[in-house]
Participant: 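Got a structure for you, questions after.
Predicted model only: the values in this text are computed from it and were never measured. Letters A, B, ... mirror the listed sequences (proteins, then strands); counts begin at 1. Side chains included, hydrogens not; waters and symmetry mates left out as well; all remaining heavy atoms used.
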Number of protein chains: 2
Amino acid sequence: MTEKSPKIIYTLTDEAPALATCSLLPIVRTFTAAAEISVETSDISVAARVLAAFPENLTEEQRVTDTLAELGELTKDPSANIIKLPNISASIPQLKACIKELQSQGYDIPNFVDEPKTDEEKQIRERYGKLLGSAVNPVLRQGNSDRRAPPAVKAFARKFPHSMGAWSKASRSHADYMRKGDFYSSEKSTTMADDTDVRIEFVGKDGQVQVKKELHLEKGEVLDGMYMSAKALRDFFEETLNDCKDSGVMWSLHVKATMMKVSHPIVFGHAVTVYYKDLFEKHGELFKELGVNPNNGLNSVYENIKNLPHSKQEEIEEDIHACYAGRPEMAMVDSVKGITNLHIPSDVIVDASMPAMIRNSGQMWGQDGKSKDTKAVMPESTYARIYQEMINFCKTEGAFDPTTMGTVPNVGLMAMKAEEYGSHDKTFEVQADGIMRIVNAADGSVIMQHEVEKGDIWRACQTKDAAIRDWVKLAVTRSRQSDTPAIFWLDKERAHDAELRKKVELYLKDHDTEGLDIRINSYIPAIRRTMERLIRGQDTISVTGNVLRDYLTDLFPIMELGTSAKMLSVVPMLAGGGMYETGAGGSAPKHVQQVLQENHLRWDSLGEFLAIAVSLDELGMKENLPKARILGHALDRATETLLENNKSPSRRTGELDNRGSHFYLAMYWAQELAAQDEDPELKARFASLAKALTENQDKILAELSEVQGKPADIGGYYHPDAAKAVAVMCPSKTLNEILAEFR
Amino acid sequence: MTEKSPKIIYTLTDEAPALATCSLLPIVRTFTAAAEISVETSDISVAARVLAAFPENLTEEQRVTDTLAELGELTKDPSANIIKLPNISASIPQLKACIKELQSQGYDIPNFVDEPKTDEEKQIRERYGKLLGSAVNPVLRQGNSDRRAPPAVKAFARKFPHSMGAWSKASRSHADYMRKGDFYSSEKSTTMADDTDVRIEFVGKDGQVQVKKELHLEKGEVLDGMYMSAKALRDFFEETLNDCKDSGVMWSLHVKATMMKVSHPIVFGHAVTVYYKDLFEKHGELFKELGVNPNNGLNSVYENIKNLPHSKQEEIEEDIHACYAGRPEMAMVDSVKGITNLHIPSDVIVDASMPAMIRNSGQMWGQDGKSKDTKAVMPESTYARIYQEMINFCKTEGAFDPTTMGTVPNVGLMAMKAEEYGSHDKTFEVQADGIMRIVNAADGSVIMQHEVEKGDIWRACQTKDAAIRDWVKLAVTRSRQSDTPAIFWLDKERAHDAELRKKVELYLKDHDTEGLDIRINSYIPAIRRTMERLIRGQDTISVTGNVLRDYLTDLFPIMELGTSAKMLSVVPMLAGGGMYETGAGGSAPKHVQQVLQENHLRWDSLGEFLAIAVSLDELGMKENLPKARILGHALDRATETLLENNKSPSRRTGELDNRGSHFYLAMYWAQELAAQDEDPELKARFASLAKALTENQDKILAELSEVQGKPADIGGYYHPDAAKAVAVMCPSKTLNEILAEFR
């Protein structure tokens with residue numbers, strides 16, 4: 001209980017979600033007011049962040065506070081309750097467009113400078129630099145991750161299951177991975193006994209020492225080092241290709257070149273130069289001159305030969321085609337356009353592509369557009385094994401059945417930048433034969449070392465003790481709150497996990513685990529037990545590091561729900577507060593366009609409904625506000641009804657859109673509150689709202705419908721006019737009046 | 001410690017093993033005499049048992065005691081130490097031949113009467129009846145079973161691995177089993193609170209009650225009832241056939257019609273009438289008239305149509321062939337002779353056929369004699385799942401590697417006729433729709449019941465509490481003595497196993513399990529963990545009921561050793577004594593023939609060597625005789641040397657035979673004792689023997705060799721002349737003298 005009045009921070013962001021907020025927020029506030037909860041907004045849009053970066057350029061009226069910084073501060077407040085909507089991770093073109101729009105609105109902010117020269121320019125560039133890319137999540141994600149399928153979504157999937165390809169017991173599909181020479185085989189791990197400064201060094205054959213990186217490690221921090229042998233990797237690729245050629249199954253590569261942005265593009269590049277070995281052997285010198293980079297895919301060849309004489313281009317293209325004769329059929333990203341798996345490294349991302357393959361009867365698409373049994377090549381054995389286990393499971397038990405299967409929530413180790421991927425600034429492609437080592441800076445003693453060869457990929461990871469401690473606590477809490485067994489996925493034979501196992505065993509003792517089923521299992525027993533329970537309709541919490549967080553929160557949701565976008569993502573922050581993230585951004589720019597041209601917003605606020613419900617529930621628990629919990633639970637049930645009655649927005653103008661969907665939500669929510677008996681006051685209060693909304697249903701829907709089909713003006717894209725946006729997003733006079741009257 | 005002088009009972013049996021004993025026993029006695037252990041013989045040959053059955057027909061000199069009965073008594077003696085060699089399980093023709101031979105030797109015993117009429121004949125028939133079939137094992141197997149690969153054998157397999165077919169990751173082979181309607185799904189189980197008389201009854205739709213069986217159950221006894229739905233079984237077969245037709249993999253049926261001699265022939269029969277559905281539909285009436293029984297395989301059709309007019313036979317044969325067009329390819333037992341999997345029910349026995357398939361890259365043989373991916377159809381899901389798990393494991397990890405893999409000993413629940421198969425006298429093919437139930441005879445209350453349909457197979461099983469208690473003790477003992485983790489394979493979801501789990505958990509508390517790794521796992525986690533350990537060179541004891549005892553002591557040995565014949569089989573008897581069984585009989589009649597014609601005995605006494613070694617070791621432990629243990633350990637090492645030096649008998653006359661192999665064993669054994677330092681007395685004593693044998697090696701081998709190639713006379717087949725047999729089997733004067741001198 002706190003002296004402050006209970007409040008929820010609702011972030012204002014960009015594009016479609018921001019527009020949807022204009023419509024949704026009045027409804028939400030109408031409901032929360034009944035529990036005396038205020039919903040405050042915090043503008044973290046790109047525009048707001050740009051304005052906050054240049055206060056001295058603005059008039060007093062124009063000036064805004066640095067809300068992101070404030071929110072960052074708020075994450076340290078135990079009572080923080082933040083609903084985070086998708087925002088723009090601005091690219092340079094987006095940032096420039098935003099600046100231009102703000103300038104046109106009379107904000108005297110400087111232009112973006114591509115190549116700053118003067119000190120002033122450099123300072124400007126630096127300020128803008130901080131706004132680029134993923135600038136929000138690092139500030140707000142101050143905790144581990146708690147992801148789950150909300151009951152409403154799960155119920156919907158059970159009733160209206162997505163398609164699921166049947167599995168043949170005779171399927172030839174499988175996952176293939178390195179048995180030696182990969183990160184798993186070489187991983188070393190240690191826990192620091194004290195605060196320690198270390199150096200990552202390369203020692204050449206000549207004894208020359210090259211410092212690659214200096215790090216400060218805390219007492220209790222886990223430090224890993226590992227490498228992947230380029231030679232072993234190339235041999236592995238060759239073997240998988242030959243095996244496919246022999247057995248006749250299709251070949252497919254699955255890496256994560258986006259997230260593991262240093263190591264996996266290199267892995268991808270090796271796949272390209274092995275598959276097209278003859279091509280690269282023949283034209284290697286020329287390609288080097290042209291700047292072909294196989295790490296960017298075969299596409300890099302096509303891109304870089306464009307300016308060659310036509311006959312040379314033709315020769316190379318023929319040589320590319322000649323490669324296919326000696327190689328097995330390759331899975332296609334787009335068989336119509338002839339885009340293979342090796343064209344672009346970001347096209348096939350393991351966490352999405354493997355579930356898609358499993359959902360598609362274990363098959364991928366061949367050159368002829370037909371679905372075929374496939375060898376899914378995933379060099380890293382650390383994680384690839386779970387896919388092979390699931391494939392074997394589907395061969396034995398058949399495809400998962402969304403109508404009966406349980407669910408697999410995840411508790412992911414993420415706080416304090418806990419690493420498992422091998423962070424990018426600690427990943428190196430080895431330039432010569434020698435030794436990669438980590439030494440104690442104080443005395444030069446070697447903490448760990450690996451003998452490496454030129455081309456090998458070496459990397460280190462750090463994981464802070466406090467993050468692990470909180471992760472264990474979160475797992476116990478989730479297991480207790482949902483009365484669900486939890487499994488820590490920690491591989492007995494993996495160095496990093498062995499260190500974590502020790503800590504988990506220790507920290508579990510800090511908690512009351514009486515009556516809970518919490519286990520520590522290696523990955524294979526973990527996924528097997530999870531799947532055995534899953535097909536019996538039982539739920540199991542997976543408690544994992546961040547790689548398996550990423551993989552599993554796609555894998556299981558795609559089986560269970562057909563998509564991972566409907567997952568609820570909570571970040572219970574280390575300081576005690578909570579952040580509730582709503583679904584992925586998706587194609588938001590297209591959404592806005594449709595509003596401007598046809599006044600129809602297709603944005604689905606499902607993620608917001610779910611986040612608000614859990615935000616209310618947790619606020620209620622923390623602040624001892626039973627009314628808040630009742631509101632939250634009623635909202636969940638309302639969302640379930642909404643899904644069941646198919647009142648989600650349509651993509652087509654003229655049909656129900658975001659605003660209409662919000663109306664239904666409000667009506668169902670009020671009806672649920674009127675129907676409950678836990679709180680007579682809420683019951684009575686919302687009975688009248690339910691009545692008003694139900695009785696005026698046709699009228700309101702007509703009002704919402706009639707605005708569609710004409711252009712709409714919101715006075716800006718990055719920085720719309722607030723009043724105009726509200727006018728567009730709240731066009732039903734009847735609804736507005738009912739809500740106003742009720743508040 | 002006992003007051004009686006320590007002794008080992010060595011059984012005299014029949015055919016080749018009995019001949020080998022003539023040669024081996026003098027050697028063994030020479031060694032055991034050094035530890036003052038006597039080796040006494042006990043004649044349980046068919047001939048001895050026939051003579052013992054008719055004392056009143058014999059002269060005083062001819063009379064023999066009933067040694068089998070005596071041995072049966074001895075099993076109740078805690079100090080019993082019995083080495084049991086393979087004996088003849090006499091069929092009627094064998095018994096008749098034996099009688100004839102004995103009569104010709106002057107024994108006035110009566111003829112066998114096929115159809116006895118007079119009381120006297122009936123009495124004779126009854127006495128002979130007791131000698132037929134498996135008459136010895138039920139008397140002697142008074143305990144649970146302890147089977148393991150002896151170190152010498154394991155070491156040999158690691159050094160000289162048997163062939164092992166590689167597995168393709170893209171293999172389409174798999175096991176398929178019923179998902180509903182089988183014994184597993186319907187099993188019910190209960191533990192008797194008190195001694196209880198029960199009745200197994202069938203209640204018809206008309207309410208008529210038919211008593212099928214009356215049983216007495218002891219307090220603590222586990223009683224199971226279960227049934228397999230004929231309809232579900234037939235649907236299952238049809239589905240598997242269609243699935244094979246669609247996917248193109250070969251179809252193969254794997255049952256255990258020999259051992260489960262009531263239920264599995266019926267299952268087999270359904271497979272026949274489903275596969276050849278069109279045939280049986282068309283000719284059903286005729287087949288019935290002819291006495292065709294599909295439970296005896298398609299062969300029964302061929303046998304019974306022999307006397308039909310030629311044209312009718314041809315029509316039926318054409319109809320048989322027409323069936324193949326609509327069905328998938330079937331695995332062949334003998335592709336040259338056109339014998340399919342469905343010809344004869346005893347041709348494909350799951351415990352041997354599945355390991356053979358797995359060893360053969362997961363493939364079986366097609367009609368064209370080619371090895372192909374196969375669907376192994378095993379209706380009973382209870383056990384079939386372990387094969388699917390191993391198949392998936394091999395697809396993922398590749399074939400097992402005999403040079404590095406660990407070993408899987410077995411502790412099997414077998415004592416007091418512990419049942420799991422559904423014993424034959426409690427298995428019924430249901431004759432009409434109704435209810436099968438087990439009722440308490442005292443008050444008629446229903447203990448369990450199943451609604452069944454005509455054709456369903458219902459069965460019950462009993463397992464005595466004392467047997468389970470001893471089984472748990474044996475598992476702990478084996479785990480302790482071999483310092484090896486043990487897993488009780490008890491399926492959480494299976495009714496019978498759930499009862500056993502409770503008992504095992506309870507009885508484990510009676511033992512000191514400190515420091516031991518003893519777990520109770522469902523079959524899938526059990527076999528998975530076992531296999532994960534196996535490929536890492538680690539050993540795991542499987543502790544199972546008798547079905548999995550049978551299955552696993554073929555499955556793992558065939559992977560590890562290439563055969564299950566080299567397994568050591570110990571029966572630690574409930575009363576405390578031990579029985580040591582030597583390998584399977586095999587083709588013993590052929591062996592004797594070769595002796596008679598060419599004086600070459602190809603019999604391999606490896607099983608005897610291993611059994612004697614463990615018999616000595618356990619005698620030493622129980623009676624506190626360190627010398628006995630040293631003898632046993634030395635014998636194991638000698639056996640290892642013998643295997644490594646390839647001094648096992650050859651099949652070919654002129655090469656080393658059984659006698660020569662025994663000589664090498666004696667020499668190596670003496671050398672090992674001379675080399676050890678634990679017991680100086682034994683060291684000194686055997687140094688001289690080792691010297692004598694080593695120095696006379698060439699001479700002895702020459703003497704043994706020169707008798708070969710000519711006919712030999714042993715004065716009988718079932719009842720040879722003892723002196724003649726010894727003369728034939730101990731032809732080396734030099735060896736005989738050395739042994740005699742030394743004793």
Participant: May I ask you to check whether B:Arg359 and B:Ser163 show a side-chain donor-acceptor distance below 3.5 Å?
Facilitator: yes
Participant: Assess whether a salt bridge exists between B:Lys502 and B:Glu499, defined as any Lys/Arg side-chain N lying under 4.0 Å from an Asp/Glu carboxylate O.
Facilitator: yes
Participant: Between A:Arg519 and A:Asp517, is there a side-chain N and carboxylate O pair less than 4.0 Å apart?
Facilitator: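 Salt bridge flag = yes for A:Asp517 with A:Arg519.
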Participant: What are the residues of residues 373-389 of chain B, in order of number, with any heavy atom under 4.5 angstrom from a heavy atom of chain A?
Facilitator: B:Lys375, B:Gln388, B:Glu389
Participant: Can you tell which part of A:Ile524 gets under 4.5 Å to a heavy atom of chain B, answering side chain, backbone, both or neither?
Facilitator: side chain
Participant: With the threshold set at 4.0 Å, does a side-chain nitrogen-carboxylate oxygen contact exist between A:Arg536 and A:Glu532?
Facilitator: yes
Participant: Is there a donor in the side chain of B:Asp182 and an acceptor in the side chain of B:Ser185, or the other way round, less than 3.5 Å apart?
Facilitator: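 Present: a donor and an acceptor within the cut-off.
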Participant: So which part of A:Ser171 gets closer than 4.5 Å to some heavy atom of chain B, the side chain, the backbone, both or neither?
Facilitator: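 Looking at A:Ser171, just its backbone touches chain B.
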Participant: When you check the gap from the basic side-chain N to the acidic O, do A:Lys256 and A:Asp351 get nearer than 4.0 Å?
Facilitator: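 A:Asp351 and A:Lys256: salt-bridged.
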Participant: Any salt bridge between A:Arg494 and A:Asp497, counting N to O under 4.0 Å?
Facilitator: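 Salt bridge between A:Arg494 and A:Asp497, a charged N being under 4.0 Å from a carboxylate O: yes.
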